[in-house]
Amino acid sequence: MSGGVSHVDSFDPKPELAKRQGQPMPVPVKPTMFNNNGNIMASPWEFKHRGQSGMEISELFPHIAGHADSMAVIRSMTSKVNEHAQGNYLAHTGFPFMGHPSAGAWVSYGLGTENKDLPGFIVLQSGGATPPHGGVGVFSNGYLHGQHQASVLKADGLEALPNIQPHESDAVQRQRLSFIKGMDDHFLREAAEPQVEAAIKNYETAYRMQTAVPELCDISGESEATKALYGLGSGDPLVEGYGRQALVARRLIERGVRFVELSCLNAGIGAGNSPNPWDQHGKIREGHGAMARQVDQPIAALMTDLKQRGLFDDTLILFTGEFGRTPFSQGSDGRDHNPYGFSAWMAGGGVRGGTAYGATDELGYYAVEKVATFYDYYATVLHLLGIDHEKLTYRFGGRDFRLTDVHGNVIKELVS
């Protein structure tokens, strides 16, 4: 959810904001991105108790709220940084700068692949969706072998991937690949270079993807009921664009792809743009309203579909932005960045559903109870995937690197 979802408008109810609407903040305010800080601003959305657990989720996400008893919400997330590119790198790689492997690359490296015809890490896009601020480096393999880098697929494109339609006969392709492999194998024997070995694997995967990717993205065989569940045919291009990604994500999960990331489309409201569409420095009611409508039904549909197909308990679903937003206004009707306390949630494989973990203060400004970091977040994610985050390492530059750097603790309260 690149741009920063407002936790105080979604998953972290703060009735005190309504009581103090329009009043100055009672505590010092740290510098924000634009320092155009106003007074306390109540949420435009009502929070309600959901499911048997009674978890409070706002009316911003009515469809996702139907899965409250399957969700574990962390209400005490924090970030080291207050800027989009650094925030996205930290949220994806555990480091606030480029050069390190994305979480998807680490999972591909740690668990391998269950499908030899598709990459282990795939990023889906549709419409005008682009990589978050920070660029494609947030999906990088870093110093891991090249086969662990994300492949970006256009879920609604005539060609999901450039050149996926072969332009020469299979016999000619095989002859060409055989020649390249022979040259690479000879070099590999001489140099023992891991990236050459990765290139050989990528050539072979790319060859097989010519058949696998068009079949994957062809949803004509899906029932009309399934398409409607995801919002296809709704008439809203944002919902349909994100819904198609969510449906293709389910098809990828069925095919054993290890890690899939979806990309939001831009609603163009309140300063958000294509790389950071949740970034409503103004018009948060309109902007967050449009962004939430885009993702709410498709994400809920994905969870419903996975449950119906017996895949939910084996699939870990993650929802987060790079930071949250301030409980006070920016200008008259926006919210600025807030890395000091925000919310993220997970559901599915091994998650203790109906759980709300940690807390921010009464205004939602600072995390004050069971403070969590992205290191703790990914330590928990890897634990749920069956991996010890301290043992998933790769030696580079004389040091054993890992997704959680030298930090992180498993949040055991989120584990069923």
Would you call the rings of Phe61 and Phe11 parallel, tilted or perpendicular, where under 30° means parallel and over 60° means perpendicular?
parallel
Worked check of side chain to side chain contact (heavy atoms under 4.5 Å, CB included) between Tyr340 and Tyr366:
CA-CA 5 Å; Tyr340 311 114; Tyr366 290 97; 3.6 Å; yes
Near-ring test His389/Tyr375, centroid separation under 6.0 angstrom:
no
Where the side chain of Arg335 meets the backbone of Met41, is there a donor-acceptor pair that is under 3.5 Å apart?
yes
Taking the inter-plane angle between the rings of Phe34 and His281 on a 0 to 90° scale, is it parallel (under 30°), tilted (30 to 60°) or perpendicular (over 60°)?
perpendicular
Sidechain N-carboxylate O distance under 4.0 Å for Asp279, Arg325
yes
May I ask you to say whether Glu56 pairs ionically with Lys14, meaning some side-chain N is under 4.0 Å from a carboxylate O?
no
Can you check side chain to side chain contact (heavy atoms under 4.5 Å, CB included) on Met303 and Leu306, steps first, answer last?
CA-CA 5 Å; Met303 290 196 279; Leu306 291 171; 5.6 Å; no
Could you tell me whether Arg20 and Glu362 make a salt bridge, using a distance below 4.0 angstrom between a side-chain N and a carboxylate O?
yes
Do the side chain of Gln86 and the main chain of Val81 share a donor and acceptor less than 3.5 angstrom apart?
no
Cation-aromatic face contact Arg399/Phe401, 6.0 Å, 45 degrees:
yes
Looking at Lys307 and Asp313, is there a salt bridge between them, counting it only when a charged N and a carboxylate O are closer than 4.0 Å?
no
Once you measure the plane-to-plane angle for Phe374 and Tyr377, does it fall in the parallel (<30°), tilted (30-60°) or perpendicular (>60°) bin?
perpendicular
Considering all heavy atoms of both residues, which atom of Thr93 and which atom of Pro101 are nearest to each other, and what is their separation?
CB-O, 3.4 Å
Taking all heavy atoms of Pro298 and all of Ala246, pick out the closest pair and write down the distance.
O-CB, 3.8 Å
Run Phe259 and Phe121 through ring-ring contact (aromatic ring centres under 6.0 Å, His included) and show every step you take.
CA-CA 5 Å; Phe259 198 102; Phe121 175 22; 5.3 Å; yes
With distance as the sole criterion, is a donor-acceptor pair present between the side chains of Asn88 and His133 under 3.5 Å?
no
Donor-acceptor pair, Asn266 side chain versus Gly128 backbone, under 3.5 Å?
no
So, His7 and Ser343: side-chain donor and acceptor under 3.5 Å apart, yes or no?
no
Less than 4.0 Å between a side-chain N and a carboxylate O, is that true for Arg244 and Asp156?
no
Given side chain to side chain contact (heavy atoms under 4.5 Å, CB included), test Leu382 with Leu403 step by step and report yes or no.
CA-CA 9 Å; Leu382 292 176; Leu403 175 58; 4.1 Å; yes
Does Glu413 pair with Arg352 as a salt bridge, N-O distance under 4.0 Å?
no
Any donor-acceptor pair under 3.5 Å linking the side chain of Thr320 with the backbone of Ala344?
no
To check you understand the geometry: which heavy-atom pair defines the closest contact between Gln149 and Ser140, and what is its length?
CG-CA, 4.3 Å
Please check if any side-chain donor atom of Asp9 sits under 3.5 Å from a side-chain acceptor atom of Ser43, or the reverse.
yes
Going by atom types alone, do Ser126 and Gln245 pair a side-chain donor with an acceptor below 3.5 Å?
yes
With a 3.5 Å cut-off and no angle check, do the side chains of Ser220 and Asp218 form a donor-acceptor pair?
yes
One pair to check against ring-ring contact (aromatic ring centres under 6.0 Å, His included): Tyr394 and Tyr109. What are the steps and the verdict?
CA-CA 10 Å; Tyr394 188 87; Tyr109 167 68; 5.8 Å; yes
Can you see which heavy atom on Pro132 is nearest to which on Val138, and at what distance?
CD-CG2, 4.0 Å
What I want to check is whether the side chains of Ser274 and Thr130 have a donor and an acceptor closer together than 3.5 Å.
yes
Asp333/Lys283 ion pair, N-O < 4.0 Å:
no
On a heavy-atom basis, the closest approach of His148 and Ser108 is ND1-OG, 2.9 Å
Can a donor-acceptor pair be found between the side chains of Gln280 and Gln330 at a distance below 3.5 Å?
no
Given 3.5 Å as the limit, does a donor-acceptor pair link the side chain of Gln294 with the main chain of Cys264, or not?
no
Going from NE2 on His383 to CG on Asp376, what distance comes out if it is rounded to the nearest 0.5 angstrom?
13.5 Å
Tyr203 six-ring centre to Lys181 NZ/CZ under 6.0 Å and within 45° of normal:
no
Whether the Asp69 and Ser53 side chains hold a donor-acceptor pair (N or O, under 3.5 Å, no angle test) is what I'd like checked.
yes
Test item: Glu240 side-chain N/O and Gly235 main-chain N/O as donor-acceptor pair under 3.5 Å
yes
Distance only, no hydrogens: is a donor on one side chain within 3.5 Å (strictly under) of an acceptor on the other, for His92 and Glu261?
yes
Asn37 and Thr32 side chains, donor-acceptor separation under 3.5 Å:
yes
Quick one: do Lys227 and Glu224 make a salt bridge, cutoff under 4.0 Å?
yes
Looking at Ile411, is its backbone amide N or carbonyl O close enough to the side chain of Thr380 to form a donor-acceptor pair, meaning the two atoms are under 3.5 Å apart?
yes
Give, for atom OG of Ser2 and atom CD of Glu322, the distance between the pair rounded to the nearest 0.5 Å.
4.5 Å
So does Leu229 get a backbone contact from the side chain of Gln297, meaning a donor-acceptor N/O pair under 3.5 Å?
yes
Does the side chain of Thr205 come under 3.5 Å of the side chain of Asn202 through a donor N or O and an acceptor N or O?
no
Which of these, Val213, Leu252, Val248, Val152, sits in a side chain to side chain contact (heavy atoms under 4.5 Å, CB included) with Ile122?
Leu252
Restricting to non-hydrogen atoms, name the atom on Tyr378 and the atom on Ala91 that form the minimum distance, rounded to 0.1 Å.
OH-O, 2.6 Å
Test log, rule side chain to side chain contact (heavy atoms under 4.5 Å, CB included), inputs Asn141 and Phe139
CA-CA 7 Å; Asn141 59 297; Phe139 309 137; over 6 Å; no
Derivation and outcome, side-chain hydrogen bond (donor to acceptor under 3.5 Å, both in side chains), residues Asp170 and Tyr207
CA-CA 9 Å; Asp170 185 69; Tyr207 170 75; 2.3 Å; yes
Checking side chain to side chain contact (heavy atoms under 4.5 Å, CB included) between His100 and each of Tyr143, Trp106, Tyr89, which is the one that passes?
Tyr143
Is it true that Glu222 and Arg251 make a salt bridge, defined as a side-chain N closer than 4.0 Å to a carboxylate O?
yes
Name the one of Val260, Leu302, Thr315 that satisfies side chain to side chain contact (heavy atoms under 4.5 Å, CB included) with Arg250?
Leu302
For His407, does the NE2 atom sit with more than 12 other heavy atoms under 6.0 Å from it, leaving out its own atoms?
yes
Taking atom types as modelled and ignoring hydrogens, do the side chains of Thr304 and His67 form a donor-acceptor contact shorter than 3.5 angstrom?
yes
Under a 3.5 Å threshold, yes or no: a donor from one side chain and an acceptor from the other, between His145 and Glu197?
no
